[in-house]
Structures are given as C-alpha cells and as structure tokens.
There are 2 protein chains.
Amino acid sequence: MTAPKHGKETSGTRDRILIEASRLLSTNGYRGTTTREIAAAVGISQPSLFFHFSNKRAIVEELYRRDLVPAVAGLENLIVAEASPAAKLFALIQGETTRILDSPYDMRAHISYEALNDPDLAPFRELIRQFDDLTNLIIRSGQESGQFDAGDPWLAQQMVSGFLARANLFVLSDEVRRQSHPEEAAALILRGLLSDPTTLDEVRSEAAALLARYVPDVPTPPD
Amino acid sequence: MTAPKHGKETSGTRDRILIEASRLLSTNGYRGTTTREIAAAVGISQPSLFFHFSNKRAIVEELYRRDLVPAVAGLENLIVAEASPAAKLFALIQGETTRILDSPYDMRAHISYEALNDPDLAPFRELIRQFDDLTNLIIRSGQESGQFDAGDPWLAQQMVSGFLARANLFVLSDEVRRQSHPEEAAALILRGLLSDPTTLDEVRSEAAALLARYVPDVPTPPD
DNA sequence: CAATCAGCCTATCAAATGATAGACTACATG
DNA sequence: CATGTAGTCTATCATTTGATAGGCTGATTG
C-alpha cells in the first residue's frame with residue numbers, strides 16, 4: 001500500500017521523495033537505486049522513507065502510476081479522435097515529449113529495459129506494452145491509408161519509442177530547445193515516414209488541434 | 001586486471017561469462033546484476049567467477065572494451081572517408097545495427113543511462129561521448145553541405161542514438177527482419193533528414209561502398 | 001607413477017541493503 | 001495544560017552481495 005502510516009501528509013516530503021527517486025531510478029535503475037540514496041537526496045534518514053511509503057516498490061509504483069496511466073489514457077484519446085494517422089502520430093510525439101518535459105518527475109526509467117524485466121515491476125509491463133501497441137496501431141493505419149511508406153511498422157515504432165526514451169535528455173538542454181523540441185522532433189520523425197513529405201505542414205496543423213487530447217494535466221500530489 | 005588468476009584459459013567459460021553477463025547487464029543494469037545471477041546463468045558457482053575475472057567491474061570493462069572500442073574506431077574510419085555526410089550516416093546506422101546484431105554479446109547496456117553515471121564505468125563514458133560527438137559531426141557537416149535539413153543537430157543525433165540504443169531488440173525478431181532491418185532503419189532515419197528525399201537511393205548506394213569501413217570484425221576471445 | 005595446474009567447489013567474511021521498532025520533537029487542538 | 005499525531009531520528013535486524021581462502025578433481029606432462 002502507498003497509504004502513509006499515519007493520517008494526512010502535509011509536509012511535501014512524500015512528493016520530494018518521488019521526484020528524487022525518479023531521478024535516481026532513471027540513472028541507476030530500480031535495483032541499483034538504494035533507499036539510502038533516495039533518503040540522502042531528499043535529506044532525511046533512510047528509515048524515514050518508510051513513514052511515507054510502505055516499501056521501496058511502492059515508491060516506484062506510484063511513479064509509474066503517475067506516468068504511464070495518463071500516457072496510455074492520452075494515447076487512447078488520440079486513437080479514437082477523428083484525424084489522420086499522421087496527425088495522430090505527430091501529436092503523440094509532440095505531446096509525449098512535452099508531457100515528459102513538463103513533468104516534475106524524471107521519467108526516463110519508464111521505458112528502460114530493466115523495467116521490462118524486474119519482477120517487482122511486472123504489473124506495469126502491461127501498460128508499457130499497451131503504449132507500444134497503440135503506437136504501432138497508428139503507424140499501421142497510416143500505412144494502410146497510404147499516408148506512410150510501406151515498411152516494417154515495428155521498425156518505425158522502435159524509432160519513435162527509442163526517441164521518446166531519450167526525451168528526458170531534453171531537460172538538460174536550454175529553454176529555447178525545450179520550447180521547440182517537441183514539435184521539431186515530431187516533424188523530423190514524420191518526415192521519415194510520410195509517403196509524401198510535402199504534406200508535412202498539413203499534418204502539423206492537423207496535429208495542433210489534437211494536442212489538447214493528448215497532454216494530460218501534470219499529476220498533482222494526491223490528498 | 002582482467003588477467004586470469006592462473007595461466008591460459010581454455011575452457012570457454014570466460015567467454016560464456018561475458019555473454020551471459022552482457023544479457024543480464026542489459027536488462028538489470030550494472031548495479032542490479034549480481035555476481036550470483038551471472039554465475040547461475042553460466043552454470044557455475046558464484047565464487048568461480050573470480051577465477052576468470054578479478055572482480056565484477058572487470059567483466060563489464062571487458063564487455064565495454066569489446067563493444068565501444070571497435071565502434072568508435074569504425075566511426076572514425078567513416079569520418080575520414082571520401083564520401084558525403086548522408087552516406088556516412090547511412091553507413092553508420094546500417095553498420096552499427098549490423099554489428100550489434102552480429103555480436104555474441106547483448107550490448108544494449110552500452111548506451112544505458114546508468115552507464116553514463118556509475119563511477120565504476122567512468123572510463124567508458126568518454127568513449128560513449130566520442131561516439132555521440134562523431135555522430136553529431138556527421139550530421140552537422142550534412143547540414144552545412146545542404147544535404148540535410150537545417151535543424152538542431154543535437155535533436156537528430158538523439159533520434160539516431162535512441163534508435164541504436166534499441167537496436168538490440170532486433171535480436172528478438174525473426175531472421176527476415178534481422179537481414180533487412182539495418183538498411184531499412186538507415187533509410188527511414190535518413191529520409192527524415194535529407195533536404196531532398198529523392199536522393200535517398202544514391203545515398204544508399206554510396207553508403208554500401210562504405211560499409212566495409214565501419215563493420216569491424218566481431219571480437220574474438222583473447223589469447 | 002608424481003607433479004602440476006586449470007577450473008571448479010564449499011565455507012566464510014565484511015559490508016551493504018530494505019525494513020522494523022522504539023524514541024523524540026514540534027505543532028495543533030481541546 | 002494534556003493529548004495526539006506528523007514526521008523525523010538512532011539502533012538494530014535479517015538478508016544479500018562481492019569477494020577471499022582453502023580444498024578437490026580431472027587432465028596433462030615428464
């Protein structure tokens with residue numbers, strides 16, 4: 001359980017734990033991140049963590065919940081929208097990159113290979129798989145409609161996924177880049193996929209109308 | 001030191017350790033991979049590892065040495081070649097993907113974020129940085145020559161790097177994909193970058209002549 | 001045959017790790 | 001004032017981890 005040992009949390013420490021843990025998880029991985037490291041990053045003693053979270057896994061579960069659940073929900077919104085597959089993919093890349101950049105949590109870990117294998121994180125594997133499958137679905141329907149070149153949709157999906165997995169490196173770049181990158185990145189990837197690259201600007205415009213469907217509100221601390 | 005405790009190794013166990021360790025490192029990370037897990041995967045007792053390698057770190061160092069040193073060398077070969085930047089990038093993506101696929105080691109770990117941070121792996125960070133910088137150099141010279149669209153070269157580089165980081169997922173795919181993926185992947189990425197996408201086939205042909213410069217021999221066991 | 005050595009094994013160690021228990025402090029409330 | 005509670009702390013525990021030490025076996029060589 002992620003419920004605090006006691007009543008209502010007011011200190012903000014719980015959220016600081018999530019933020020610091022997300023950074024450590026992204027660089028050290030789940031098993032490679034110790035509770036002592038998290039505690040030190042937050043500035044509390046290691047056993048204090050267990051006032052806020054029942055165990056180490058609960059920290060990670062909460063992070064995944066805040067990241068993957070909105071992402072999959074947003075992607076599902078895109079799937080049902082009345083728009084071309086290319087616009088959907090554009091919106092996905094732009095929206096997801098924006099979302100990652102705007103998140104207080106460093107969510108690189110969400111797509112790490114480790115996450116796909118650790119027994120503790122098994123419940124979240126399904127969510128990652130869903131995200132990938134829905135991406136693949138958009139690509140395939142783009143190919144069926146002729147908007148995208150024929151080719152292995154899986155390969156295109158790897159290009160998207162690989163790129164998004166690095167989206168958090170953008171947080172290390174300057175503000176000018178941060179503003180332009182989501183859209184520029186989407187354009188770069190789409191240009192590689194479109195059968196007719198001259199349609200890119202149309203796609204871009206169409207995608208702009210879709211963005212609100214994708215970018216969920218940044219998760220707020222609970223309660 | 002990576003020298004065995006005793007004389008000449010003949011059993012092949014050392015190489016099996018490297019292979020199994022590479023897989024575990026790719027999925028669990030360095031700190032998350034225990035020597036007991038490696039030993040179990042090889043089918044020996046945990047302390048037996050230390051007959052073959054002086055410590056855990058030495059295993060990883062050897063893997064990095066086999067992976068990164070040839071990659072950077074191959075990339076340096078491409079840089080000095082008389083060829084267009086686009087052909088160089090095409091050859092890089094195709095060649096690196098091929099090399100990863102042909103390697104007996106699962107080299108996903110080489111580009112993990114963890115690798116960029118663990119103090120034990122610091123000496124290899126420089127090699128990774130070199131690989132990235134040389135990739136960036138090719139992209140930038142493609143932009144200067146007009147072959148590639150203007151845009152943030154860093155962004156293009158992230159797309160390449162992100163994709164290559166996932167290249168090892170291809171080992172999980174069927175043989176038909178394995179054969180076509182390196183070239184198809186390169187084409188997909190280049191199409192997104194080229195100012196004139198109609199030049200793609202020329203680039204592809206030019207790159208074919210470059211490949212021998214990039215793909216180093218798969219490392220053989222030492223001694 | 002004896003000696004040597006590669007390549008393992010079991011037992012063990014020191015240190016690290018996630019977690020528990022009890023205590024303490026500061027603050028809010030009745 | 002007393003009481004309750006959030007939120008920390010130190011001390012400690014059981015387990016895990018990388019590594020060492022000593023021993024054993026089988027194959028090879030002289």
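Residue numbers start from 1 in every chain, and the chains themselves are labelled A, B, ... in the order their sequence lines are given, proteins ahead of strands.
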Selected nucleotide, minimal atom distance to [X] side chain, candidates [options]:
{"X": "B:Phe50", "options": "C:dC8, D:dT20, D:dG7", "answer": "D:dT20"}
{"X": "B:Gln46", "options": "D:dG18, D:dG7, C:dC8", "answer": "D:dG18"}
{"X": "A:Pro47", "options": "C:dT20, D:dA6, C:dG7", "answer": "C:dT20"}
{"X": "B:Arg31", "options": "C:dT17, C:dT20, C:dG7", "answer": "C:dT17"}

For the side chain of A:Gln94 and the backbone of A:Ala91, is there at least one donor-acceptor N/O pair under 3.5 Å apart?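 Here the side-chain-to-backbone pair does not exist.
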Nearest-Å distance for atom pair [atom1]/[atom2], residues [X] and [N]:
{"X": "B:Ile17", "N": "C:dA6", "atom1": "CD1", "atom2": "P", "answer": "15 Å"}
{"X": "A:Ile59", "N": "C:dA19", "atom1": "CD1", "atom2": "P", "answer": "8 Å"}
{"X": "A:Asn28", "N": "C:dT17", "atom1": "CG", "atom2": "P", "answer": "11 Å"}
{"X": "A:Lys56", "N": "D:dT16", "atom1": "NZ", "atom2": "C1'", "answer": "12 Å"}
{"X": "B:Phe51", "N": "C:dG7", "atom1": "CZ", "atom2": "C1'", "answer": "5 Å"}
{"X": "A:Leu49", "N": "D:dC9", "atom1": "CG", "atom2": "C1'", "answer": "13 Å"}
{"X": "B:His52", "N": "C:dA6", "atom1": "NE2", "atom2": "P", "answer": "11 Å"}
{"X": "B:Leu25", "N": "D:dG18", "atom1": "CG", "atom2": "P", "answer": "11 Å"}

B:Arg66 and B:Asp15 ion-paired at < 4.0 Å: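 Yes, B:Arg66 and B:Asp15 are salt-bridged.
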Do the charged groups of B:Arg31 and A:Glu37 touch, with an N to O distance under 4.0 Å?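 Judged by the 4.0 Å cut-off on N to carboxylate O distance, B:Arg31 and A:Glu37 do form a salt bridge.
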Under 4.0 Å between a side-chain N/O of B:Ser48 and OP1 or OP2 of C:dC9, yes or no?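 Yes, such a contact exists.
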Please tell me whether A:Gln46 and A:Thr35 have a donor and an acceptor in their side chains that are separated by less than 3.5 angstrom.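 Per modelled atom types, A:Gln46 and A:Thr35 side chains form a pair under 3.5 Å.
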Does any donor atom in the side chain of B:Arg23 or B:Ser26 lie under 3.5 Å from an acceptor atom in the other side chain?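 Note: B:Arg23 and B:Ser26 side chains miss the donor-acceptor criterion.
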5' priority, DNA chain D, between A:Ser45 and B:Thr33 [closest heavy atom]: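 Going by which nucleotide is closer to the 5' end, it is A:Ser45.
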Selection: residues 34-44 of chain B, any non-hydrogen atom under 4.0 Å of DNA chain C: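 Output list: B:Ile44.
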Just verifying a value: how many Å separate B:Ile93 CD1 and B:Tyr214 OH, rounded to the nearest 0.5 Å?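 These two atoms lie 10.5 Å from each other.
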Please list, chain by chain and in numerical order, all residues satisfying salt bridge (charged side-chain N to carboxylate O under 4.0 Å, His left out) with A:Arg129, sequence neighbours excluded.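 If we apply the salt bridge (charged side-chain N to carboxylate O under 4.0 Å, His left out) test to A:Arg129, skipping adjacent residues, the hits are A:Glu126, A:Asp133.
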